[in-house]
Amino acid sequence: MSLADDDRLIGTRSRISAAMTGMIRERWGIAAEVDLGPPRDASFGDVSSQIALSIAGQLGLPPRDIADDMVAALREQSPSLGLAEVSVGGPGFVNLRFSDEYLEDFLGLLDARGLCGCLPDVGRGRRAMVEFVSSNPTGPLTVGHCRQAVLGDTIASLLRHVGWKVDREYYYNDSGRQIERLAHSLASRYSDIVSDGSTPFPEDGYQGGYIESWAGDLACRTRCFRWPDDAAEFASFALERAMAMIEQDLDRLGIRFDRFFRETELIPEKTERAIASMREVATPDGPLAYDDSEGKTWIRLTALDRPEDRVVRRADGRYTYRLPDIAYHLDKLQRGYDLLVDVFGSDHLDTSRDVVACVRRLAGPGEVDRKLRVVIHQFVTLMEGGRKVRMSTRAASYVTLGELIDLAGSADVTRYLFLTRRAEAHMDFDLDLARKQSDENPVYYVQYAHARISGILRNAREEGIGLPSAPGSVRGLLRHPRERELMRLLQECPFQVEAAAAALEPHRLTELMAEIASAFHGFYHSVRVLQAEEGSDTASARLLLTSATGKVLRDLLGMVRVEAPERM
RNA sequence: GCGCCCGUAGCUCAGUUGGAUAGAGCAGCGGACUUCUAAUCCGCAGGUCGCGCGUUCGAAUCGCGCCGGGCGUACCA
């Protein structure tokens, strides 16, 4: 099959939508975008549109009459659109059934190119950046960071697969009060070792055991350090160690960042420029940034429909969190990205809204609304023995990312489980369940399907059974309901991935995989692949279906970066 | 108090942006291995979609008001 034919095949669904849009414009003179989705029940058809219901009010016509007209018009074109059947259902759905030829050809295409080779090029080489984790280097990453790490990484992966050029970026604080507190905590542990404990532990210091271990390493050095004279040394040593620890944990999840952006890169030029710009923005209540009598600088967020004005530079000249973050977002916009994704925990929601409001005002609402998208995820509640595990970084009562991976059995299980829920849904992570490593775990279900497929392919090679020799030679051989269901589902995959990327919703991938695995296991139990009673042509056709399913699963598992095992 | 998120089967969650008879996985019950992998499959059971008004041809989905949980409400990040 030629490349042009392949592209025509991939574009079939959008040609159907376009044809429907065209006939609505011709017949009724209105513009309507037609979305195709799976119908409630497979018996209605392969895809369905509710367009007649949506435009009925506008046209003042009964939806069924509209649907009837559209079906009549569609029937004339159906062969060229890969459709075997067009009908009206329920209150006015337009139900479509693909021709067997279309599904068979699509199957061949998926097997030849893999799912990745069939994905639309939405990004067209444009640049996107996903900022995530961005946890301050004051301790190890914990369970909540783990969810965010997996989310952000998979969003980046999704975008890359649909044609974006993606950078992953981690933004962190390398100065300020938290870092000072960290340095002070380290200095105290250090003084316990090298001297007489002359530096008392700060009241709200970080109590994690990792700091004692750093202190031990520092004590091995020939030079002797003193607090507060060597505060800078303590801070840089702690920062270096903390970031190394964080990178090591991320590495266990297989996550690499393209850039670690330090807050001090913005200070003072970019932060001061941001303040200066805000001073020049006039609002009905006065300039967007203003000073008070105590020498503090405020942002007039109330003029941007935000609940409260906020201090962004204190009297001692230090910035509070929001200002560097505003400067950072301006910087990201100026770096020429076409899409910026922020992944934050729900605790950052309020601040994020403030930052976005300011950035919109400074860079222009159109530009920001077009480019910036914020994904907010809810917290993870860790459950153990049927009870919640309380977590706090400062008090050192937490389960680290590394421990979580150990408890869950593997990075793969951890990644997969975090992707089985929508970002904005609260999530219970049951440690006891994770520890079991049993078949209650959904990742095994999908992996088992892949391993089973690999086994069949191995046996086929041994028995000398090959794939169909010519693309057309599976015609009419895959007519079992289970076969057809699997083909229909596979055909949908490129569009589901595209939708998941557009919505920045990686959990759709795990849902899709579970569906495919289920359809495959059902198929496997309904018919014999290699010893097909119907003959060797059928065996080859089923082998093609098996092989294509394997490639789709392999590529989907690849997108969430979970191993696709050959054996289990 | 105020703002945002969430509330769907015993448990954990989907639900294609307002559409057809509300779905899946676990857990429960009953079946299927001399067969390409039983980490699988098939069947049964399980629901006032937190509650109440409203919007309209039509609501789990949108609006308002309650109830419950989470996160914010810092001159921490």
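The figures that follow rest on heavy atoms only: side chains count, while hydrogens, waters and symmetry mates do not. Below, chains carry the letters A, B, ... as their sequence lines are ordered, and counting in each starts from 1.
- Atom CD of A/Glu505 is separated from atom P of B/U17 by 11 Å (rounded to the nearest Å).
- Atom-to-atom, CG of A/Leu489 to P of B/A24 comes out at 14 Å; the value is rounded to the nearest Å.
- As a whole-Å value, the separation of A/Arg40 CZ from B/G18 C1' is 12 Å.
- For the 3.5 Å distance criterion, the side chains of A/Glu265 and A/Tyr171 fail to qualify, holding no donor opposite an acceptor.
- A/Phe344 places its CZ atom 11 Å from the C1' atom of B/A77, with the value rounded to the nearest Å.
- Within the 4.0 angstrom heavy-atom criterion, base atoms lie near A/Pro38.
- Side-chain contact of A/Glu424 with A/His377: a donor-acceptor pair under 3.5 Å is absent, judged by distance alone.
- For the pair A/Asp412 (side chain) and A/Val562 (backbone), a donor-acceptor distance under 3.5 Å is absent.
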Restricting to nitrogen or oxygen on both sides, can you table the protein-nucleotides 1-5 of chain B pairs closer than 3.5 Å?
from : atom 1 : to       : atom 2 : distance (Å)
B/C5 : O2'    : A/Gln378 : NE2    : 3.0
B/C5 : O2'    : A/Glu424 : O      : 3.2

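- When the P atom is used for both B/G25 and B/C42, the distance is 9 Å, rounded to whole Å.
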Taking Watson-Crick (N1-N3 plus N6-O4 or O6-N4) and G-U wobble (N1-O2, O6-N3), each under 3.5 Å, can you produce the dot-bracket string of RNA chain B? Use [ ] for crossing pairs and | for inter-strand ones. (((((((..((((.....[...)))).(((((.......))))).....(((((..]....))))))))))))....
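- Within 4.0 Å of A/Thr351, counting heavy atoms only, lies at least one base atom of the nucleic acid.
- How far CD1 of A/Ile51 is from OG1 of A/Thr21: 7.0 Å, rounded to the nearest 0.5 Å.
- Distance noted for atom P between B/U17 and B/U61: 15 Å (whole Å).
- No hydrogens or angles considered: a donor-acceptor pair under 3.5 Å links the side chains of A/Asp292 and A/Trp298.
- Heavy atoms of A/Asp354 sit nowhere under 4.0 angstrom from any nucleic acid atom.
- Remark: the separation of the P atoms in B/G15 and B/G30 is 34 Å, to the nearest Å.
- Each of A/Thr271, A/Asn173, A/Asp174 was checked for a side-chain hydrogen bond (donor to acceptor under 3.5 Å, both in side chains) with A/Thr264, and the lone residue meeting it is A/Asp174.
- Closest to the A/Thr320 side chain, of the nucleotides B/C41, B/G15, B/C76, is B/C76.
- No aromatic stack links A/Phe379 and the base of B/G70, using centre distance under 5.5 Å and interplanar angle under 30°.
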For nucleotides 42-46 of chain B, give me every protein contact, N/O to N/O, under 3.5 Å, one pair per line with atom names.
from  : atom 1 : to       : atom 2 : distance (Å)
B/C42 : OP1    : A/Arg482 : NH1    : 3.3
B/C42 : OP1    : A/Arg482 : NH2    : 2.9

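- For A/His377 and B/G72, the NE2 to P distance is 12 Å, given to the nearest whole Å.
- Here A/Glu485 does not pair with A/Arg482 in a salt bridge; the nearest charged N to carboxylate O distance is not below 4.0 Å.
- Residue A/Pro39 is in base contact, counting any heavy-atom pair closer than 4.0 Å across all strands shown.
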Under 4.0 Å protein heavy-atom contacts per nucleotide of nucleotides 31-38 of chain B, with B for base, S for backbone only and - for none: ----BBBS
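- For the C1' atoms, the distance from B/C6 to B/G50 is 11 Å, rounded to whole Å.
- The list of salt bridge (Lys or Arg N to Asp or Glu O under 4.0 Å) pairs with a residue in residues 32-48 of chain A, not counting sequence neighbours, reads A/Asp46-A/Arg484.
- The side-chain heavy atoms of A/Val312 and A/Tyr319, taken from C-beta on, include no pair separated by under 4.5 Å.
- Rounded to a whole angstrom, the distance from the P atom of B/U55 to that of B/C64 is 15 Å.
- Distance check: A/Arg64 CZ to A/Leu53 CG gives 10.0 Å after rounding to the nearest 0.5 Å.
- A gap of 40 Å separates the C1' atoms of B/C26 and B/C2, to the nearest Å.
- B/U17 shows a glycosidic angle within 90° of 0 and is accordingly assigned syn.
- Side-chain to base pairing of A/Ser48 with B/A20: one donor and one acceptor N or O lie within less than 3.5 Å of each other.
- Of the P atoms belonging to B/G10 and B/U48, the separation is 8 Å, rounded to the nearest Å.
- The closest side-chain donor-acceptor pair between A/Asp249 and A/His145, if any, does not fall under 3.5 angstrom.
- Atom SG of A/Cys493 is separated from atom CZ of A/Arg488 by 10.0 Å, given to the nearest 0.5 angstrom.
- Residue contacts for A/Tyr445: at a heavy-atom cut-off of 4.0 Å it reaches the sugar-phosphate backbone alone, with no base atom in range.
- Judged purely by distance below 3.5 Å, without hydrogens or angles, the side chains of A/Tyr321 and A/Glu263 never pair a donor atom with an acceptor atom.
- Atom CG in A/Leu53 sits roughly 15 Å away from atom C1' in B/U17 (whole-Å rounding).
- When the nucleotides B/C13, B/A14, B/A20 are ranked by their closest atom to the side chain of A/Glu511, B/A14 comes out on top.
- A distance of 4.0 Å separates CZ of A/Arg322 from CZ of A/Arg310, quoted to the nearest 0.5 Å.
- Syn is the classification of B/C33, since its glycosidic angle stays within 90° of 0.
- In this structure, A/Gln496 places its CD atom 12 Å from C1' of B/A14, rounding to the nearest Å.
- For the pair A/His507 NE2 and B/A24 P, the interatomic distance rounds to 17 Å; values are reported in whole Å.
- Remark: A/Arg452 is positioned above the aromatic ring of A/Tyr524, its terminal NZ or CZ atom under 6.0 angstrom from the ring centre and at most 45 degrees off the axis.
- Each of A/Ala514 and A/Arg508 lies near RNA chain B, and the nucleotide nearest A/Arg508 is the one positioned closer to the 5' end.
- Counting only residues at least two apart or in different chains, salt bridge (Lys or Arg N to Asp or Glu O under 4.0 Å) contacts with residues 523-532 of chain A are absent.
- Between A/Tyr206 and B/C76, a side-chain N or O to OP1/OP2 separation shorter than 4.0 Å is absent.
- Annotation: B/G52 and B/G68 have their C1' atoms spaced 15 Å apart (nearest Å).
- The side-chain tip of A/Arg13 points at the ring of A/Phe495 from less than 6.0 angstrom away and within 45° of straight on.
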